[in-house]
Amino acid sequence: VDISHSRILDSEGEDGLNVKNARFSIERTVFSGHRADAFDGDWVEGEIVATHFLDNGNDGLDLSGAKVLIRDTVLSGMGDKAVSVGEQSRADMVNCRIEDSVFGATAKDLSLLRIYASSIKGNRYGIATYLKKPLFGGGRVEMFGGLLWDNDDNFYTDPVSGATLAGVGIAALPRLES
């Protein structure tokens, strides 16, 4: 599946786009206004480049059993998770912006999300790692270079999951009175 220079907008269904058991490439595309998830990839391999996920009702990216590279991409205004990586997925994010969602970057169920040179800003939770399905195990996020800022809570993790940060700035903007 190859999608380039496209707009996928305003789906009232479960997903704006669902790809299963396939290789894919998405480049310079906008996913916006979906009632639920923008992109759902189940048992896929692929890459997402220079794409915008904006104002979707549930998850921006929902990956299960996937191997995905995400780079130069913006995920903003999700009703739930900007990036959800689960069921033994491996995903790398490079030079991305994750903002203004309930959860920024999440990894669960033996998944690993590696984030490089990216920002996670203005979310309820910046990074979340947890066990959802007992069949698997906890999730893990590794972040190298970048910035966590102005999230209500930078981290949510359970006892079997975790996060590692190296060269990551953690800041909070001051709350200014109107």
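Predicted model, so just to flag it, every value in this text is computed and none were measured.
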Using atom types as modelled and distance alone, determine if a side-chain donor or acceptor of [X] lies under 3.5 Å from a backbone N or O of [Y].
X	Y	value
Thr73	Cys96	no
Arg90	Lys67	no
Asp158	Gly138	no
His5	Arg28	no

Please set out all donor-acceptor pairs under 3.5 angstrom arising from side-chain atoms of residues 38-47, sequence neighbours excluded.
{"unit_1": "Asp40", "atom_1": "OD2", "unit_2": "Asn18", "atom_2": "ND2", "d": "3.4"}
{"unit_1": "Glu45", "atom_1": "OE1", "unit_2": "Arg23", "atom_2": "NH1", "d": "3.3"}

Phe155 and Leu148: which non-hydrogen atoms are nearest, and at how many Å? CZ-CD1, 3.6 Å

Which heavy-atom pair separates Gly122 from Asn151 by the least distance, and what is that distance? N-OD1, 3.3 Å

According to the side chain to side chain donor-acceptor pair (under 3.5 Å) rule, which pairs have a member within residues 49-62, sequence neighbours left out? Asp37-Asn58

Can you pull out every side chain to side chain donor-acceptor pair (under 3.5 Å) where at least one residue sits in residues 99-112? Sequence neighbours excluded, please. Ser76-Glu99, Ser84-Lys108, Arg97-Glu99

For the side-chain contact (heavy atoms from CB on, under 4.5 Å) test, which of Ile8, Ile48, Val30, Ile70 pairs with Phe53? Ile48

How are the rings of Phe103 and Tyr156 set relative to one another: parallel (under 30°), tilted (30 to 60°) or perpendicular (over 60°)? perpendicular

With rounding to the nearest 0.5 angstrom, report the [atom1] to [atom2] distance, [X] to [Y].
X	Y	atom1	atom2	answer
Glu27	Asp72	CD	CG	10.0 Å
Ile98	Ser119	CD1	OG	7.5 Å
Glu87	Leu110	CD	CG	10.5 Å
Phe31	Leu75	CZ	CG	10.5 Å

Pairwise side-chain contact, Asn95 with Arg71, heavy-atom cut-off 4.5 Å (strictly under): no

Could you check if a side-chain atom of Leu17 sits within less than 4.5 angstrom of a side-chain atom of Ile26, using non-hydrogen atoms only? yes

Hphob cluster co-occupancy, Val1 + Leu63, side-chain heavy atoms under 4.5 angstrom: yes

Which residue, Glu142, Arg140, Arg114, forms the side chain to side chain donor-acceptor pair (under 3.5 Å) with Thr164? Arg140

